[in-house]
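Below you'll find the structure, written out as structure tokens, and then a few comments.
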Number of protein chains: 2
Amino acid sequence: MTKPSARKRTSYHVGNLSERLMAEARSMLETVGPAKLSIRAISEKLGVSATAAYHHFSNRAALLSRLATLGFRELQQALIDNDQQIELQGDHRKRLQNASLAYLEFARANPALYQLMFGPEIGLDASDEGFEKARLEAFGELQKIIAASLNEPLESRTVRQASLAAWSHSHGLASLVIHKVVGFPEGMSSERLVETSFQGFEHVFGRSGVPSLRVSDD
Amino acid sequence: MTKPSARKRTSYHVGNLSERLMAEARSMLETVGPAKLSIRAISEKLGVSATAAYHHFSNRAALLSRLATLGFRELQQALIDNDQQIELQGDHRKRLQNASLAYLEFARANPALYQLMFGPEIGLDASDEGFEKARLEAFGELQKIIAASLNEPLESRTVRQASLAAWSHSHGLASLVIHKVVGFPEGMSSERLVETSFQGFEHVFGRSGVPSLRVSDD
DNA sequence: GGTTCAATCTTTGCGGTGATAAGTTCATGT
DNA sequence: ACATGAACTTATCACCGCAAAGATTGAACC
């Protein structure tokens with residue numbers, strides 16, 4: 001009796017433990033939240049000792065960083081897919097609005113993961129170079145979309161300015177929504193939210209608004 | 001010796017323990033980060049048993065919630081002070097830009113606290129009604145500024161739309177900056193950051209190709 | 001075949017954490 | 001004076017990240 005391991009001997013070496021840990025971690029991240037995500041719980045769920053995980057991730061922070069990296073890659077892909085699927089070459093504002101929508105829907109579909117991607121203070125591994133790279137590439141994708149929609153070269157100052165504005169807005173909106181801090185009805189669709197916010201910008205910056213002091217055309 | 005307590009007997013009852021715990025928690029929050037903020041460490045620093053804190057806060061989440069509540073009240077006050085100090089009744093865009101600046105500077109001055117305010121998943125107490133109230137009031141302040149600058153009634157749809165847009169943008173920009181994810185030079189001033197972002201919106205929403213008023217490289 | 005070896009996974013254990021239970025001190029009202 | 005209750009104490013528990021050292025396995029070499 002007292003065979004220490006409840007598992008059959010055939011599974012001492014799991015083989016794909018790393019992938020399975022990541023998958024379980026990602027799932028558990030969304031269910032229990034980042035704070036309660038523990039290596040012990042993940043390992044236990046996979047029927048494996050907790051320490052086994054430390055042979056695939058140097059520590060908890062590294063696990064979280066890899067999850068976040070994966071998130072940025074998925075976000076980038078979502079932006080790519082969405083943009084080339086829609087094809088709104090004519091209306092640059094509509095095209096940008098559509099990118100914002102894809103962004104918001106990614107965040108809503110993976111709220112905890114999204115939060116992790118932008119909350120390094122929770123405990124990410126800053127020395128993970130793949131993380132920084134993935135994040136920059138995702139931002140680069142947004143810049144590409146903006147550059148294309150504005151018909152400007154990627155390096156232009158206009159594109160950098162618009163990218164900062166767009167990323168700030170998209171990230172802010174997504175963040176407010178997944179934290180349920182917006183004062184709008186809970187069930188409001190992502191389309192409506194983005195539409196509402198864009199209309200708000202129209203009021204402030206658009207020609208329908210009150211003229212500012214320096215007006216270029218009149 | 002072996003007096004269990006190193007403190008003089010006169011200080012069994014601290015008296016203002018609750019305030020001192022909050023102050024120490026806030027300080028420690030910025031130094032060690034929200035994840036590493038422990039009740040034990042806070043209490044120890046005050047020369048008090050860890051359990052003493054539990055007589056003032058039902059649990060760790062309640063402590064964090066009260067910190068966040070305090071943060072929203074300070075943010076609201078910062079918006080008020082800034083707006084009535086500046087007085088830019090004429091240019092509504094400039095006025096909004098100034099509110100964004102105050103917002104960003106608050107976040108930069110209290111990065112960990114700011115993160116806590118918008119990261120309930122880290123472990124806030126959702127049942128804390130003061131927290132929700134403070135947050136709504138801070139948002140209400142922003143709405144008031146926008147309503148005044150747009151010369152619209154507070155309940156108008158325009159104001160709600162512009163408020164969602166403005167809060168999303170301000171929060172997103174602040175969040176990106178304090179997490180150091182913006183691709184701009186680290187030391188960039190808050191003024192420049194807000195200015196840059198607003199120019200970006202001009203490019204997207206403004207009338208055809210508004211030239212930037214300030215000529216400076218970014 | 002047997003032996004070695006490195007990778008993988010195990011048990012064991014340390015120190016720190018949130019939280020509860022039960023006891024101690026003290027200020028205050030009657 | 002003394003009862004009451006709030007403020008604080010010392011256990012103690014379960015869980016966590018993480019490190020050390022040992023066990024299991026497959027593959028590679030002879």
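When reading the values below, keep in mind they use all heavy atoms of this one structure, side chains included, and skip hydrogens, waters and symmetry mates. Being a predicted model, the structure only gives us computed values, none of them experimental.
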Atom CD1 of B/Ile42 to atom C1' of C/dG16: distance rounded to whole Å? 15 Å
How long is the line joining CG of B/Leu17 and C1' of C/dT25, in whole Å? 14 Å
When you compare the side chain of A/Met117 with that of A/Leu75, does any pair of heavy atoms fall below 4.5 Å? yes
Donor-acceptor pairs under 3.5 angstrom involving side-chain atoms of residues 191-199 of chain A: please list them, not counting sequence neighbours.
unit_1	atom_1	unit_2	atom_2	d
A/Glu195	OE1	A/Gln97	NE2	2.8
A/Glu195	OE2	A/Gln199	NE2	2.9
A/Thr196	OG1	A/Arg192	O	2.7
A/Ser197	OG	A/His169	NE2	2.6
A/Gln199	OE1	B/Gln161	NE2	2.5

What is the separation between atom CZ on B/Arg20 and atom C1' on D/dC8, rounded to the nearest whole Å? 14 Å
Could you walk me through whether B/Glu155 and B/Arg160 pass salt bridge (charged side-chain N to carboxylate O under 4.0 Å, His left out), step by step? CA-CA 7 Å; B/Glu155 323 77 30; B/Arg160 286 203 310 273; over 6 Å; no
Name the atoms and distances for all side-chain donor-acceptor pairs under 3.5 Å in residues 102-112 of chain A, with sequence neighbours left out.
unit_1	atom_1	unit_2	atom_2	d
A/Tyr103	OH	A/Tyr114	OH	2.9
A/Tyr103	OH	A/Trp167	NE1	2.9
A/Arg108	NH1	A/Met188	O	3.1
A/Arg108	NH1	A/Ser190	OG	2.9
A/Arg108	NH2	A/Met188	O	3.1
A/Asn110	OD1	A/Arg26	NH2	2.9
A/Asn110	ND2	A/Phe106	O	3.0

Spacing between B/His55 atom NE2 and C/dT25 atom C1', to the nearest angstrom: 12 Å
What one-letter contact string describes nucleotides 14-19 of chain D from 5' to 3', where B marks a base within less than 4.0 Å of any protein heavy atom, S marks contact via sugar-phosphate atoms alone, and - marks no contact? --BBBB
Nearest 0.5 Å please: distance from the CG atom of A/Asn82 over to the CD atom of A/Gln85. 6.0 Å
Using 0.5 Å steps for rounding, measure from the CG atom of A/Leu29 to the CD atom of A/Gln115. 8.5 Å
Figure out the CG/P separation between A/Leu46 and C/dT8, and round it to whole Å. 16 Å
